[in-house]
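This structure is a prediction, so every number in the text was calculated from the model and none was measured. Below, chain A is the first sequence line, B the second, and so on; all start at residue 1.
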2 protein chains.
Amino acid sequence: MRARTAPKPDSRLRRGSGRVTMDEVARLAGVSTSTVSRVLREPGAVSDSLAGRVRSAVDRLGYVPNLMAGGLAAARGRTVGVVVPSILNSFFAGTIDTLSGLLSSAGWQVLDGSTDYSEAREEALVEAFLAWSPAAMVLTGLRHSERTVRLLRAARIPVVEMWDVSEGAIDIAIGFSHRAAGRSMTQYLIEKGRRRIVFVGAIMTSDQRAAQRAEGYREAVTAAGLPATVIDLPSRSSVALGGPALADLLVRQVEMDALYCSNDVLALGALFECQRRGIAVPQHLSIAGFGDLDFAASCVPPLTTIRPPREAIGRETAAMLLARFAGQTHLRRAVDLGFDLQIRRSA
Amino acid sequence: MRARTAPKPDSRLRRGSGRVTMDEVARLAGVSTSTVSRVLREPGAVSDSLAGRVRSAVDRLGYVPNLMAGGLAAARGRTVGVVVPSILNSFFAGTIDTLSGLLSSAGWQVLDGSTDYSEAREEALVEAFLAWSPAAMVLTGLRHSERTVRLLRAARIPVVEMWDVSEGAIDIAIGFSHRAAGRSMTQYLIEKGRRRIVFVGAIMTSDQRAAQRAEGYREAVTAAGLPATVIDLPSRSSVALGGPALADLLVRQVEMDALYCSNDVLALGALFECQRRGIAVPQHLSIAGFGDLDFAASCVPPLTTIRPPREAIGRETAAMLLARFAGQTHLRRAVDLGFDLQIRRSA
DNA sequence: TTGAAAGCGCTAACAA
DNA sequence: TTGTTAGCGCTTTCAA
């Protein structure tokens, strides 16, 4: 039992943060801090007259609530941690934009971080975010280190794994099947009469989803009795990487009438290489990508690719989380949002 | 167990997070919480034997410190808020990557958010971040709403404004002169014999730095006695926007032998349009950009552009902040990191 | 509808 | 070097 009979001394003089506190707002409005807190958190639970006084005090003082204190008192912060492989990569940017927008307008803050396709960085990031007592965590993909999974389960909060819907989600999976995407595109190429299709990916041991698209490619090509050739480049995808990759294939005289790239960035690099060498696309070589990035529709020729449901993933994730926060618990565990085959002129 | 009329819909509101606390660690290690706290924050201040016991207790329990509690008690969190116009745009991604990496390995967490080039969103973001009691704030550019500036000053923490070094920084400016960049490129084009140079930018009322590059262009062109033509497109930069912009110029029969785009994305779009129309670059039309993005070196022809010190800005910002956190106070207020003219074949 | 009071989990004076 | 103790600023019982 702590005896705290004496009135609280002006705390600002002691270990001063210099910031306006709820206490000052309460004093100016002539109410208790509980009332101020209520006005901010559940308006409607407070009479209009008091609420008005509180609000004008907030304005006059320029009060900004201290989220650390709030989160600590409430045992859970109003934050959501979001972990993606890369923000440099515009794939995820569309999802994050949508997700952050929706969540933040509902009063939640999203913290995001990128792993650079490393499980170790992912683990560190999850641990760092968990230290904020987030109300939920959103990860990319379904493969994580054992410890990451353990930490996440121990946190007992909603966990969304996005951009994939294969088996084994921790809690909720929202995305689409990369295997099916790989299969679809390959089948399309076969229908168009291509017989020697080469798949090129980058760091596919780290990029699980690219590996799954390669798997889908393998299935389709094998089912058609055609040979499978998968190239896994050792560095991160970049436009600069696509050209040399194609050049290498050419030097090695690999028989090939279609190049299926694990993403549009690589495909654009390959396309540039074709322009440089005067290889006619798609007459001599079909080129296909994945992602439907900004440039895919305007490059020459425009790129045949797969459009993932970037924004839909963000929207669905936000909706799912908000529903969980509101107490709904019997929600779907997996949401397959599908994808679109964008047929353009490159293949 | 008593029946309740309205069961708490949300377990988040329950007291007790179920997380391992420092108290439990202390108990297991047979020490006080202060000792645990010290081991975690200033190792060396604790004897090896105790430190060892504490560390193994931390491991066994899987203890993750609660940053809310820590930040609250310490009056300042170990976070740094970073605000950029866009993460979709790879300009800033390089800076953020470098900055976050450096800061996080020094034990600081960066929170980042994007404003989508809106001052109002910037203000909201700054306010949201300030609610976390960050140890410092990093913004992009030097123009902000009055209230943003007021909030920032009131926070009494280091504030870095990056990517620009013109006048009027709140605290510290780290970047380069966009005006000089615009001038340099334009002078180069003039030296190469170009006489009708058109500048194309996008949403330049919001993108202050693009506007400054346009200003530099204007100065250079005027100084040379040449006409200035500045086009300001109404939507955000995208590859898809560059083609139509050039097409429009062509339709309007604007006299032009060089197109200076406010960034590489627009330039790439224009380049594709040239390919489509069979306009020889640079023979018929020179194309120049800004940013030196991934594709600039590999497109056809490779793009003449300006390389901003993306990573250096991140590095310098981190160094400056870390120095300030360490108590150094007499630091430079502005750091001009310069830029590189990358001459390639498109101009 | 409102207020008083008891912490949330941690850090930092201060003592020992 | 270590422990004791008093809060950090807020939320949430609980009682009025």
Q: Walk me through it: do A/Met320 and A/Met162 pass the test side-chain contact (heavy atoms from CB on, under 4.5 Å)?
A: CA-CA 12 Å; A/Met320 186 71 88; A/Met162 53 177 193; over 6 Å; no
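For B/Ala128, the side chain to side chain contact (heavy atoms under 4.5 Å, CB included) partners at least two apart in sequence or on another chain are A/Gln109. For B/Trp163, the side-chain hydrogen bond (donor to acceptor under 3.5 Å, both in side chains) criterion is met by B/Thr95, not counting sequence neighbours. B/Thr140 is linked by a side-chain hydrogen bond (donor to acceptor under 3.5 Å, both in side chains) to nothing, counting only residues two or more places apart in sequence or in another chain. Legend: residues meeting side chain to side chain contact (heavy atoms under 4.5 Å, CB included) with B/Asp23, ordered by chain and number and at least two apart, are B/Thr21, B/Arg27, B/Thr33. For A/Asp112, the side chain to side chain contact (heavy atoms under 4.5 Å, CB included) criterion is met by A/Val82, A/Ile96, A/Ser100, A/Val110, B/Asp112, not counting sequence neighbours. Residues satisfying the side chain to side chain contact (heavy atoms under 4.5 Å, CB included) test with B/Ala136, not counting sequence neighbours, are B/Val80, B/Pro158, B/Leu321, B/Phe325.
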For nucleotides 14-16 of chain C, give me every protein contact, N/O to N/O, under 3.5 Å, one pair per line with atom names.
none

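Heavy-atom nearest nucleotides on DNA chain C were determined for A/Val31 and for B/Gly70, and the one closer to the 5' end corresponds to A/Val31.
Across D/dG3, C/dC8, D/dC8, the shortest atom-to-atom separation from the side chain of A/Ala73 is found for C/dC8. Among C/dC10, D/dT12, C/dT2, the nucleotide with an atom closest to any side-chain atom of A/Ala74 is D/dT12.
Across residues 47-62 of chain B, not one residue has a non-hydrogen atom less than 4.0 Å from an atom of DNA chain C.
Note on A/Val36: nothing from the nucleic acid sits closer than 4.0 angstrom, heavy atoms only. Using a 4.0 Å heavy-atom cutoff across all strands shown, B/Val46 reaches sugar-phosphate atoms only and no base atom.
The phosphate of C/dA4 (OP1 or OP2) has no side-chain N or O of A/Ser32 nearer than 4.0 angstrom.
B/Ser34 contributes a side-chain N or O that forms a donor-acceptor pair with the base of D/dT4 under 3.5 Å.
A/Glu42 places its CD atom 12 Å from the P atom of C/dT2, with the value rounded to the nearest Å. Atom pair B/Leu40:CG and C/dT11:P shows a separation of 7 Å (rounding to whole Å applied).
For the helix from C/dT1-D/dA16 to C/dA16-D/dT1, the terminal axes (five pairs an end, C1' atoms, rotation from four pairs onto the next four) enclose an angle of 30°, given to 10 degrees.
Residues in residues 118-130 of chain B take part in these side chain to side chain donor-acceptor pair (under 3.5 Å) pairs, two or more places apart or across chains: B/Glu119-B/Arg143, B/Glu122-B/His144, B/Glu123-B/Ser145, B/Glu123-B/Arg147, B/Glu127-B/Arg147. Residues in residues 65-74 of chain B take part in no salt bridge (charged side-chain N to carboxylate O under 4.0 Å, His left out) pair, two or more places apart or across chains.
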Do any side-chain atoms of residues 60-72 of chain A form donor-acceptor pairs under 3.5 angstrom with protein atoms, and if so which ones, sequence neighbours left out?
| residue | atom | partner | partner atom | Å |
| --- | --- | --- | --- | --- |
| A/Asn66 | OD1 | A/Met68 | N | 2.8 |
| A/Asn66 | OD1 | A/Ala69 | N | 3.2 |

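Counting heavy atoms of neighbouring residues, nucleotides and ligands inside a 6.0 Å radius, atom CG of B/Asp59 exceeds 12 of them.
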